[in-house]
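One structure is given below, encoded as structure tokens.
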Amino acid sequence: MTETTADDEAVAVTSTTVTADPQTAFEVFTGGVGRWWRRGTRYWNDSARGLRVEFEPGIGGRFLEVYADGAFEIGRVTAWEPGERLGFTWREATWDADSATTVDVRFEAVDGGTRVTVRHGGWDAAGQRDSAGNYSHGWVELLGWYGEAAAGAAAAPA
């Protein structure tokens, strides 16, 4: 599982445009995820214990939900192309250990900034088809928080 494709039967697709160049948009999405992924929300496997989420850079790096006493591995990085593309697997703690979906994030330069598009698929293969719709709504909220952080990063002096 390395990429969400157009052939997937159920795909959550969301996009936003941020006022940052593609490189900055990528850096905020990856290196800054712990700042914009809000604590205590429903987007955590264990919101009571969660301190932050983080990506380990590069292909094979882990996407982690970090606690004071350890971490839960949400997924693994499958594509790491700064300023262009990020891919990673995704699973929830309640899913079977071998079940995972795929997330593909594209960063495209547009007038005034970068269009960031998230395609989250692989629901059928993970046995989680009924979850795709909920994730569509979830990514809209998450990308809203991300957009605020990206705008702040773009406005910060170099």
Side-chain angles (χ1 to χ4, degrees), residues 1-5 8-16 18 20 24-82 84-107 114 116-154 156:
M1 266 192 278
T2 60
E3 183 176 353
T4 298
T5 69
D8 288 336
E9 293 179 31
V11 179
V13 180
T14 304
S15 66
T16 190
V18 297
T24 301
F26 183 91
E27 289 171 7
V28 171
F29 198 99
T30 58
V33 68
R35 292 187 297 278
W36 61 264
W37 195 289
R38 295 187 182 166
R39 288 179 63 189
T41 63
R42 62 188 171 137
Y43 305 111
W44 292 77
N45 286 282
D46 189 338
S47 62
R49 293 175 49 221
L51 300 176
R52 69 183 179 284
V53 293
E54 64 184 41
F55 284 100
E56 295 175 341
I59 294 174
R62 298 175 301 165
F63 180 36
L64 300 169
E65 184 170 304
V66 179
Y67 314 120
D69 59 349
F72 170 72
E73 184 177 310
I74 300 167
R76 290 278 174 152
V77 175
T78 59
W80 187 272
E81 301 168 23
E84 297 179 24
R85 180 174 173 238
L86 170 69
F88 56 98
T89 58
W90 175 289
R91 74 177 193 91
E92 291 186 22
T94 58
W95 297 359
D96 292 338
D98 60 345
S99 293
T101 55
T102 57
V103 180
D104 186 64
V105 186
R106 302 290 175 133
F107 301 84
T114 301
V116 179
T117 302
V118 174
R119 291 180 52 82
H120 192 158
W123 300 100
D124 291 325
Q128 302 295 329
R129 182 181 183 82
D130 293 342
S131 297
N134 292 334
Y135 274 81
S136 289
H137 297 294
W139 278 113
V140 168
E141 187 168 29
L142 287 166
L143 286 183
W145 300 337
Y146 159 74
E148 292 170 9

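As the structure is a computational prediction, the values presented were derived from the model and not from experiment.
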Quick one: pull up [atom1] in [X] and [atom2] in [Y] and give me the separation to the nearest 0.5 Å.
X	Y	atom1	atom2	result
L142	T41	CG	OG1	7.0 Å
R91	T101	CZ	OG1	10.5 Å
T78	L86	OG1	CG	7.5 Å
E65	Y67	CD	OH	3.5 Å
R129	W123	CZ	CH2	11.5 Å
S47	R39	OG	CZ	10.0 Å

Just jot down the salt bridge (charged side-chain N to carboxylate O under 4.0 Å, His left out) partners of E73, sequence neighbours excluded, or say none. R76

Salt bridge (charged side-chain N to carboxylate O under 4.0 Å, His left out) involving E92 - partner list, sequence neighbours excluded: none

Residues that V13 engages under side chain to side chain contact (heavy atoms under 4.5 Å, CB included), provided they are two or more places apart: V11, T117, R119

With sequence neighbours excluded, what pairs up with [X] under the side-chain hydrogen bond (donor to acceptor under 3.5 Å, both in side chains) test?
X	answer
E54	R52
W90	Y135
D69	R49
E84	none

Those residues at least two apart in sequence (or on a different chain) that pass ring-ring contact (aromatic ring centres under 6.0 Å, His included) with W80 are F26

Quick one: ring-ring contact (aromatic ring centres under 6.0 Å, His included) partners of F72, sequence neighbours excluded? none

With distance as the sole test, does [X] use its side chain to make a donor-acceptor pair with the main-chain N or O of [Y] at under 3.5 Å?
X	Y	result
T114	A20	yes
T89	T102	no
E56	G61	no

Just do the side-chain contact (heavy atoms from CB on, under 4.5 Å) check on V53 and L64 with the steps written out, would you? CA-CA 5 Å; V53 293; L64 300 169; over 6 Å; no

Considering non-hydrogen atoms only, spot the tightest contact between A100 and A126 and give its length. O-CB, 3.4 Å

Not counting sequence neighbours, list each pair that qualifies as a side chain to side chain donor-acceptor pair (under 3.5 Å) and has a residue in residues 138-149. R38-E148, Y43-E141, H120-W139

